[in-house]
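To keep things clear, I will list the structure first and then write my remarks on it.
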Amino acid sequence: VASCWAIDVSSPEAYVVITLSLQLNVDGKVINIRMLNSSGGSDVSVDKAFQSARRAILRCQGEGYPLPKSKYERWKFIEITFDPTHMRMR
């Protein structure tokens, strides 16, 4: 997902860290994305960071994330933290 995530390192969103919860179906396709928490930035910056992370997740899924169907119960809910700290250091 990191390779699909684009964020302007000079924008206020570059200072927002968000954690998202994904629900996937057995084929690895995203069913639902919701924000669990965030830190840094205004409400507007948090919303923009969420939209950027959401686009990255959906863009990268293709025909579904290649996860083992036999372990679906273990990965049907996934938490991902988007932290642009290292992106700002480049």
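The structure displayed is predicted, hence computed values, not measured ones.
- Within the structure, salt bridge (charged side-chain N to carboxylate O under 4.0 Å, His left out) contacts touching residues 40-67 (residues at least two apart or in different chains) do not occur.
- Atom OG of Ser21 sits about 6.0 Å away from atom CD of Glu79, to the nearest 0.5 Å.
- A heavy-atom distance below 4.5 Å is not found between the side chains of Ile18 and Asn37.
- Each disulfide bond (SG atoms under 2.5 Å apart) pair with one or both residues in residues 2-41, not counting sequence neighbours, appears once here: Cys4-Cys60.
- With a 4.5 Å cut-off on side-chain heavy atoms, Asn32 and Leu22 do not count as touching.
- Interatomic distance, Phe82 CZ to Ser52 OG, rounded to the nearest 0.5 Å: 8.0 Å.
- Rounding to the nearest 0.5 Å gives a distance of 4.0 Å between CD of Gln23 and CZ of Phe77.
- By the 4.5 Å heavy-atom criterion applied to side chains, Leu24 and Ile78 are counted as neighbours.
- Ile57 is not connected to Val17 by any chain of hydrophobic side-chain contacts under 4.5 Å among Ile, Leu, Val, Met, Phe, Trp and Tyr, and they are in different clusters.
- Closest of all the heavy-atom pairs between Val46 and Gly41 is CG2-O, 4.3 Å.
- Contact check for Tyr65 versus Val1: side-chain heavy atoms found under the 4.5 Å cut-off.
- Leu58 and Trp5 fall within the same hydrophobic cluster, defined by Ile, Leu, Val, Met, Phe, Trp and Tyr side-chain heavy atoms under 4.5 Å apart, directly or through other members.
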For this session: Just do the side-chain hydrogen bond (donor to acceptor under 3.5 Å, both in side chains) check on Asp83 and Thr81 with the steps written out, would you?
Result: CA-CA 6 Å; Asp83 183 347; Thr81 299; over 6 Å; no
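- For the pair Thr19 and Ile80, the minimum side-chain heavy-atom distance is 4.5 Å or more.
- Closest approach of Gly28 to Gln61, counting heavy atoms only: O-OE1, 4.2 Å.
- Residues meeting the salt bridge (Lys or Arg N to Asp or Glu O under 4.0 Å) test with Lys69, sequence neighbours left out: Asp27.
- With sequence neighbours left out, Lys29 forms a salt bridge (Lys or Arg N to Asp or Glu O under 4.0 Å) with no residue at all.
- Scored by the ring pair (Phe, Tyr, Trp, His ring centres under 6.0 Å) test, Tyr72 finds Trp75 as partners (sequence neighbours excluded).
- Taking Asp8 as the reference, nothing meets the salt bridge (Lys or Arg N to Asp or Glu O under 4.0 Å) condition, with sequence neighbours excluded.
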